[in-house]
Amino acid sequence: YLYNITVKLYDDEGERDEVSLRYGIRTIEWKKEGLFINGKKQKSLHGVNYHQDIFGLGNAMTKEAIYEDVRLIKEAGIRFIRCSHYPHSPYFYEACDEMGLVCLNSITGWQVYVDSEKFKYNTIFELRQLIRRDRNHPCVVAWESSINEAGFTHEWGQAAHDAAHEEYPGEACYTAAWRNGGDGAYPDIYLCAAQHGSKVYAAQTKKPVIISEYGDWNFGGTKSTSRQERGDGDNAMLLHCNNLEESYVDNEKQMQAGEVAADAYWDFTDCSPFSSEPTVIKCGLVDMYRIPKHGYYFYKSQDKDVMVYIANTWTKDSPKDIRVYSNCSEVELFLNGVSMGRKLPAVYNHTDNPRQESGFVYSDSRDYGYEPIMHPPFFFKLDKFEAGELKAVGYINGKKAAEHVVRTPNKAVAIRFRRTDNRVLLGDSLDATLIYAELIDENTTIVPDNDIKLNITVEGSAALVGPTEIATVGGIAPFWIRSSRAGTGAAQIIAKAVDGAVSGKIQISVQ
């Protein structure tokens, strides 16, 4: 629950000032075995890292785009977010407050520490500013007071820890750092990435441990098999899924053993590269356009909202071994109306993806089991590809509870527009909305073609952000429209394939 609190300042002459804010009343406590909110342990606190970075706008995300990201994260059944290496927009924390997510708030910094008085002063001053800005947000349950993967001194780490507790006195302040000054010293929570040996260190320290990153770098570094573009199809995305599933199972096992308090997959979205990498880092559960990959639905299947999802677009290039994500007790698969059988959740899976983690040796070709998790995937083996309709039906206690249908795409005949909301744009020249131009066939199935070039034109009270020619990824070409100074009214958007094969139009209101 959120409450509106107003604080007024008086002197002998009366009221002099006031400030209002929203606040959540709760207690938090981090223990070795996990996070406790209002005395209740948060079970299976699986989270994600999150960058405030989106295609077309970069870091200058709109309020609506930030809220949509938090909604997508929550819809995937994820309740914990690590703010990846810098403070985020105030809108982000407002969204987490409203939607009931918790976050690890981070100061700026990645792999660089300069042992000078000016550097030390500026970094700790920023930490103080961050805490003063965000300490009244109930979503913030810890402060990442260290510079990620940087060789700072223990003296600096302790000074940052002490500054955090000065700015946020009381039992509700917890610092987190990727270096450990030892029991009784900084930090309150130890951060350790999978590639740095979190499975080893979690068993050695008495402090709560958050696996700060997993699932990407430890599966091949810059050539990680987790880095798969949605447009590369089912086989690529299922390689990614193997890494997600195996890592999630391992982390859940440690959580149940009381060794790990929480984890954060790297990364929720495909994101802009660091200076050491030449291209977009494509390990996200969703791509830079916020379109989910198959792995997104593995996380969603671990939540309580009943669902079933076929991780297959059923094209001639798709695998005939069908993977279905669901939290139902049984799943039945139909091909063109004919049952392919009813299955129970799988016991294990196989992967050939290399995996390296400090302190452990993994065979490149290995099985992994699903024992610790509540909802393993379901597997069906089909003898051949037959174009048409795949339908998965999920059952709970023998009764139909959910279904999902995919259809083999045919030739594209039109362009369909989709928005995440249908709100009216504010005519302030600042507001913007993300629009998806989708290639569809006669059955309205998305045709997952790559590099189909579209020309976009906008008329009226809005303007296109970016180039007028864009290309599809997996049959979808996203673009931003921003309200213009031309006034209020309407904006008409037209998309036409460069080869003239398909087209479509949409109108958006601006006020």
Side-chain angles (χ1 to χ4, degrees), residues 72 75-78 228 230 232-246 248-249 285-286 291-351 368-370 373-410 438 440-441 443-448 474-476:
L72 267 176
E75 196 173 85
I78 296 164
Q228 306 290 345
R230 179 181 52 83
D232 288 340
D234 295 322
N235 287 297
M237 287 190 283
L238 289 171
L239 286 176
H240 178 209
C241 289
N242 283 347
N243 297 347
L244 295 172
E245 295 170 20
E246 183 184 12
Y248 190 103
V249 167
L285 302 182
V286 302
I291 302 171
K293 304 176 190 177
H294 291 331
Y296 177 90
Y297 295 95
F298 167 69
Y299 280 80
K300 189 174 176 64
S301 70
Q302 303 308 304
D303 199 19
K304 61 182 183 297
D305 293 337
V306 178
M307 58 79 68
V308 61
Y309 174 81
I310 302 169
N312 197 300
T313 54
W314 202 231
T315 70
K316 60 181 176 59
D317 297 323
S318 298
K320 293 185 288 295
D321 291 348
I322 310 299
R323 190 178 314 194
V324 178
Y325 291 125
S326 179
N327 46 21
C328 295
S329 52
E330 293 180 285
V331 168
E332 187 172 11
L333 186 69
F334 295 86
L335 174 57
N336 292 325
V338 178
S339 176
M340 299 290 106
R342 188 184 291 200
K343 294 291 185 74
L344 295 172
V347 176
Y348 66 89
N349 193 10
H350 180 82
T351 183
Y368 58 91
Y370 293 112
I373 66 173
M374 290 289 291
H375 303 293
F378 300 77
F379 291 98
F380 297 83
K381 289 184 177 293
L382 304 189
D383 294 332
K384 62 180 181 178
F385 171 76
E386 181 182 305
E389 178 186 276
L390 275 180
K391 180 170 72 172
V393 177
Y395 299 92
I396 298 176
N397 297 324
K399 295 182 178 180
K400 179 180 175 180
E403 75 172 35
H404 179 227
V405 174
V406 297
R407 295 181 179 89
T408 304
N410 297 317
E438 301 174 333
I440 58 171
D441 67 11
N443 298 315
T444 71
T445 299
I446 293 177
V447 181
I476 305 174

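Values reported hereafter were calculated over all heavy atoms of this structure, with side chains retained and with hydrogens, waters and symmetry mates removed.
Shown here for P448 and P409, the closest heavy-atom pair between the two residues is CD-CG, 3.5 Å. For the residue pair V306 and A402, the shortest heavy atom distance occurs at CG1-CB, 4.0 Å. P345 approaches S329 most closely through the heavy-atom pair CD-O, 3.5 Å. In terms of heavy atoms, R323 sits closest to F379 at NE-CE2, 3.4 Å.
Aromatic ring orientation, Y299 versus Y248: perpendicular (interplanar angle above 60°, classes split at 30° and 60°).
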Worksheet item: Would N327 and D303 satisfy side chain to side chain donor-acceptor pair (under 3.5 Å), going step by step from the backbone distance to the final call?
Response: CA-CA 7 Å; N327 46 21; D303 199 19; over 6 Å; no
Worksheet item: Yes or no on side chain to side chain contact (heavy atoms under 4.5 Å, CB included) for K391 and E403, after CA distance, side-chain angles and deciding distance?
Response: CA-CA 7 Å; K391 180 170 72 172; E403 75 172 35; 3.9 Å; yes
Worksheet item: After noting the C-alpha distance and the side-chain angles of Y368 and N242, does the key distance pass the side chain to side chain contact (heavy atoms under 4.5 Å, CB included) rule?
Response: CA-CA 9 Å; Y368 58 91; N242 283 347; 3.0 Å; yes
Practice prompt. Start with the C-alpha distance between H294 and Y309, add both sets of side-chain angles, then the distance that settles side chain to side chain donor-acceptor pair (under 3.5 Å), and finish with yes or no.
Written response: CA-CA 9 Å; H294 291 331; Y309 174 81; 2.8 Å; yes
Practice prompt. Go through the steps for N349 and E245 under the test side chain to side chain contact (heavy atoms under 4.5 Å, CB included), then give the verdict.
Written response: CA-CA 9 Å; N349 193 10; E245 295 170 20; 3.9 Å; yes
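Ring centroid separation for the pair H375 and Y370 does not come in under the 6.0 Å cut-off. For Y325 and F298, the distance between ring centers is under 6.0 angstrom.
No more than 12 heavy atoms of other residues, nucleotides or ligands lie within 6.0 Å of CG in D383, so this atom counts as exposed by the packing criterion.
You'll find the side chain of I291 reaches within 4.5 Å of the side chain of R230, heavy atoms only. The side-chain heavy atoms of M340 and V338, taken from C-beta on, include a pair separated by under 4.5 Å. In this structure, T351 and E246 have side chains that are in contact, with non-hydrogen atoms separated by less than 4.5 Å. Put simply, the side chain of M307 reaches to within 4.5 Å of the side chain of Y297, judged on heavy atoms. Within the 4.5 Å cutoff, the side chain of I440 has no heavy atoms near those of the V447 side chain. You'll find the side chain of S301 stays beyond 4.5 Å of the side chain of P377, heavy atoms only. Between W314 and E389 there is no side-chain heavy-atom pair separated by less than 4.5 Å. Using a 4.5 Å heavy-atom cutoff, the side chains of L390 and L382 are in contact.
Separating the NZ atom in K343 from the CG atom in L333 is a distance of 9.0 Å, to the nearest 0.5 Å. Considering CD1 of I446 and OG1 of T313, their distance stands at 10.5 Å, rounded to 0.5 Å. Between the CG atom of D317 and the CG atom of D234 there is a distance of 9.0 Å, given to the nearest 0.5 Å. Once rounded to the nearest 0.5 Å, the distance linking CG of L72 with NZ of K300 reads 9.5 Å. To the nearest 0.5 angstrom, N312 atom CG is 9.0 Å from M237 atom CE. Between atom OG1 of residue T445 and atom CZ of residue R407 there is a gap of 5.5 Å, rounded to the nearest 0.5 Å.
Put simply, the side chain of T408 never gets that close to the backbone of T315: no donor and acceptor are under 3.5 Å apart. In terms of modelled atom types and a separation under 3.5 Å, the side chain of K293 and the main chain of Q228 share a donor-acceptor contact. Formation of a donor-acceptor pair under 3.5 Å by the N336 side chain with backbone atoms of A387 is found in this model.
Residues meeting the salt bridge (Lys or Arg N to Asp or Glu O under 4.0 Å) test with D321, sequence neighbours left out: K381. Under the ring pair (Phe, Tyr, Trp, His ring centres under 6.0 Å) criterion, Y296 pairs with no residue at all, not counting sequence neighbours.
Ion pairing between E330 and K400 fails under the 4.0 Å rule for side-chain N and carboxylate O.
In this structure, a donor-acceptor pair under 3.5 Å is present between the side chains of E332 and S339.
Results of the side chain to side chain contact (heavy atoms under 4.5 Å, CB included) test with F380 over L335, I310, V331 single out V331 as the only residue that passes.
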